[in-house]
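Okay, so here's the structure we're looking at.
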Amino acid sequence: MANTYRVLDKVHLQDEEEFVDILEDKRHCSDLRFAFRTFSPPPYKGAPACSSAELNQAVLESQYLRYVINEVALEMGSSVEEVRDEACGIMREMSQNLQLRFIRLMGFVVRKVFKRIFSAIYVNMLQQATQECPVILMPNHRSYIDFLVVSYILFNYDIPLPVIAAGIPLAGMTIVGEMLRRSGAFFIRRAIGSDKLYWAVLSEYVRTIVRKGFAPLEFFVEGLRSRTLKSLPPKLGMMNMILEPFFKGEVYDVTLLPISISYDRVLEESLLAHELLGVPKPRESTAGLLKASRVLQENYGCMHVNFGRPLSARRLCEGKINRCQYNLTPRDLPQKPNAEAQACGSWLAHMIVRLQEEGALTSPWSLMACVLLQVPTAALTEEGLLFHQLTERTLWLRKLALDFRAHLNWPEKVPDSDVMSSTVALHRSVVYRKAGRVYLTRNDELEQKHSMEEDMMRTAAALLMLASYRNQCLHVFVRPALLALAMSVTKSTRKDELLTCFCFLQEVFSNEFVFIPGQSSQDFEEACSLLHKCKAVHVGQWEVTNSDTQPEVLSFLQELLKPFIESYQLMFRFLCEERDCVFREKDFLSGVRTLATKLIVSGELHTYEALSSDMQKNVLSSLRRLGAITKITTSQNNEYKVNKSAVRRTGDMLAGRIPPQIVQAAPDARL
């Protein structure tokens, strides 16, 4: 990156970070002038410019790719020329074609859109990053516009623009796909499988970008856009690719830059909720984008973009990997990362996600969502919640969040009642205020009569939208909440027993929340410290006991995890009641949704989050990791074999009927 970044105008927010609204001064000047202003970012030291054609040629002529092409030709019985032509086709499909004139066009369009839909885009002072090594930009992924805003900010401050890893469906969008390609996006297929040639082209393409260091590389370590707005476990394929040139000594170091993007309101909030309920995701298309232009009529509040402290991969990996092993194999030969390299990459990727969480700003609405979801659904839809009660409870939660070291974007010098009122007004798609009460919005504009199932699904969509905003702040509370849950499950005060249960709960929910591998003990100590700080527990050398001073803290934290507990137990029950021990994933998803719908309508189940397809898939992943189910096919119709006694045992441990056990398993490396 540039050796020195410009000093931004400062605005002081409650979280004690210094931010500037980059839209403020732009509202009074020409969008055209902004797009066509001088753009001359300082280049990397010792890294000459590299055109897309030169990059592609370097990849195709690399010794590594030549070796793989010869191997594939031999395996398939094809000629080397045919396989090379196929590699060239993959490269044409994949490669970026960054051009300044398209950057200017995108800058013009994006600025007009941002000024229309956002009240402000706050950016902290960008940290100085070294010019001596490649820089990897790693934002979290909550919205389609995430990579647009990062490029917009870098363009705004004359910082070299990144090449960006994007999903291949975006390339198929008429006109838009080519604009994205010429704005720096390179496109990756979502389902690569065992395609040896595609893996080789992709990995060499990424490694060449890192080795040449002519521009920052940007990718989403979570892989996919989070439909639940909480962090996803990282995918490790791309992480291993960017680290390999460092492991092999081809670059001295790699700088990792975590970026936290926080939204007051997400553009796709309704779309995401319906996807979770099984509504097929609309195919990315230009026509669909034009149909979605109604979002330009809405207000989405503020966005905060927090550029974290640049991290040295060299320093972080010191003592975690022996790089000398790479001297034993020629660099140009294919070499699968060994267990040590995979563990190091996994640790780094999980740490980046945690840093993204810590850098995220918690909004008033996220805290309000936590409060509203602990109100019975029937009461929230029919009777509503008194506004002053919502205010009091949210302010109590704000204090607890600050005790837990959360970063808040609560406006200063604005009365709390005004903050609450404006927040409810901004999220009228989810809740509305009437006669001093707050009600759940269910889109009943035509007041038509619906069946109980249809009525339930409309309620579910609103509640899943509400849950997604609660999820934005779950990382603040999850570790103390797991300890509070462990105290409830074990009915014990002994630290060793609580730690065992805490580790078990982390293992069960490691697809719901992100935990750094090997740090369960540190997480447990952190949870003890935070609960002791807010006077919810007394922490001794051997015991953790309840405190009578703040009993509502433990109660709130246990309720926070209740939807996850109830949903997981429901799915365990479904698996144990099925007659067959072999099932297909799609049958599991539809069967669980049918059972959950039936129980919700009858009043036996009170959490609508059991309807979420993401949570249902997380249960499958959790049970696979715990050894309770086994995947027996990997086709589109994924089939599993269930060990019902193991599922029952997991459910019994989660309910506290038998003592929890620590289960250790390593996650699979995924792209």
Side-chain angles (χ1 to χ4, degrees), residues 230-234 320 339 342-343 346-347 349-351 353-354 357-358 404 474-532 536-537 539-546 554 557-558 560-569 571-572 615 618-629 643 646-668:
K230 65 179 185 309
S231 296
L232 302 177
K320 290 187 175 293
Q342 289 186 10
S346 175
W347 176 79
H350 282 82
M351 187 189 67
V353 175
R354 285 289 294 124
E357 290 180 334
E358 291 175 2
F404 287 175
L474 275 181
H475 64 276
V476 174
F477 303 106
V478 66
R479 285 157 185 79
L482 288 178
L483 177 53
L485 181 59
M487 295 172 70
S488 173
V489 168
T490 62
K491 303 294 190 297
S492 173
T493 61
R494 289 178 49 181
K495 259 191 173 182
D496 57 343
E497 294 181 355
L498 291 173
L499 175 58
T500 299
C501 185
F502 184 90
C503 294
F504 165 74
L505 293 171
Q506 278 196 330
E507 188 64 38
V508 171
F509 294 120
S510 62
N511 285 87
E512 302 291 348
F513 316 109
V514 176
F515 306 108
I516 299 176
Q519 288 197 188
S520 293
S521 296
Q522 294 93 317
D523 289 340
F524 177 77
E525 292 300 330
E526 178 188 348
C528 290
S529 174
L530 292 176
L531 288 179
H532 178 72
V537 299
V539 181
Q541 185 176 2
W542 308 110
E543 287 191 323
V544 178
T545 57
N546 289 347
L554 294 180
L557 293 173
Q558 291 164 4
L560 197 62
L561 294 181
K562 189 175 179 180
F564 299 93
I565 298 293
E566 291 187 350
S567 298
Y568 273 53
Q569 292 286 25
M571 294 175 222
F572 295 166
M615 189 173 289
N618 287 344
V619 168
L620 292 181
S621 297
S622 176
L623 290 175
R624 281 188 67 194
R625 190 170 52 254
L626 296 170
I629 63 173
N643 181 336
V647 173
R648 290 191 190 96
R649 186 169 62 252
T650 303
D652 287 341
M653 287 191 285
L654 198 56
R657 288 188 286 269
I658 61 175
Q661 301 172 357
I662 300 177
V663 182
Q664 296 182 351
D668 296 330

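In this structure, Leu557 and Leu482 have side chains that are not in contact, with every pair of non-hydrogen atoms separated by 4.5 Å or more. Within the 4.5 Å cutoff, no side-chain heavy atoms of His475 are placed close to those of Ser231. At a threshold of 4.5 Å between non-hydrogen side-chain atoms, the residues Tyr568 and Asn618 count as touching. Looking at heavy atoms from C-beta onward, Leu483 lies in side-chain contact with Cys528 at the 4.5 angstrom threshold. Taking 4.5 Å as the limit, every side-chain heavy atom of Arg354 sits out of range of all side-chain heavy atoms of Met351. Residues Leu474 and Glu512 form no side-chain contact, since every pair of their non-hydrogen atoms from C-beta on lies 4.5 Å or further apart.
Annotation: the span from Phe515 atom CZ to His350 atom NE2 amounts to 10.0 Å, rounded to 0.5 Å. Atom CE of Met487 is separated from atom OG1 of Thr493 by 8.0 Å, given to the nearest 0.5 angstrom. Between the CZ atom of Arg657 and the CE atom of Met653 there is a distance of 11.5 Å, given to the nearest 0.5 Å. Rounded to the nearest 0.5 angstrom, Leu554 CG and Leu531 CG are separated by 6.0 Å. Phe524 CZ to Asp496 CG: the interatomic distance, rounded to the nearest 0.5 Å, is 9.0 Å. Here the CD atom belonging to Glu525 is positioned 10.5 Å from the CG atom belonging to Asp523, to the nearest 0.5 angstrom.
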If you apply the rule side-chain contact (heavy atoms from CB on, under 4.5 Å), what do you find for Phe513 with Gln506, and how did you get there? CA-CA 8 Å; Phe513 316 109; Gln506 278 196 330; over 6 Å; no

In sequence, state the C-alpha distance, the side-chain angles, and the governing distance for Phe509 and Leu654, and then conclude on side-chain contact (heavy atoms from CB on, under 4.5 Å). CA-CA 11 Å; Phe509 294 120; Leu654 198 56; 4.2 Å; yes

Check against side-chain contact (heavy atoms from CB on, under 4.5 Å), Gln522 and Ile516: CA-CA 10 Å; Gln522 294 93 317; Ile516 299 176; over 6 Å; no

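Here the closest non-hydrogen pair linking Ser520 and Phe502 is O-CE2, 3.8 Å. Between Leu530 and Phe404, the closest heavy-atom pair is O-CE2, 3.5 Å. Contact detail for Leu623 and Phe572: the closest heavy-atom pair is CD2-CE2, 3.6 Å. Closest approach of Val514 to Pro233, counting heavy atoms only: CG2-N, 4.0 Å. Residues Gly656 and Val489 share a closest heavy-atom pair of CA-CG1, 3.5 Å. Between Leu620 and Ile629, the closest heavy-atom pair is O-CD1, 3.4 Å.
Crowding of Lys495 atom NZ: a count of heavy atoms from other residues, nucleotides or ligands under 6.0 Å exceeding 12.
Side chain of Ser488 to main chain of Ala484: no donor-acceptor pair is present (N/O by atom type, distance under 3.5 Å, no hydrogens or angles). A donor-acceptor pair is defined here as one N or O able to donate and one able to accept, closer than 3.5 Å; such a pair exists between the side chain of Thr650 and the backbone of Ala646. With hydrogens and angles ignored, the 3.5 Å screen pairs no side-chain donor or acceptor of Thr490 with any backbone N or O of Leu498.
Among residues two or more places apart in sequence or in another chain, the side-chain hydrogen bond (donor to acceptor under 3.5 Å, both in side chains) test is passed with Ser492 by Glu497. With sequence neighbours left out, Ser567 forms a side-chain hydrogen bond (donor to acceptor under 3.5 Å, both in side chains) with no residue at all.
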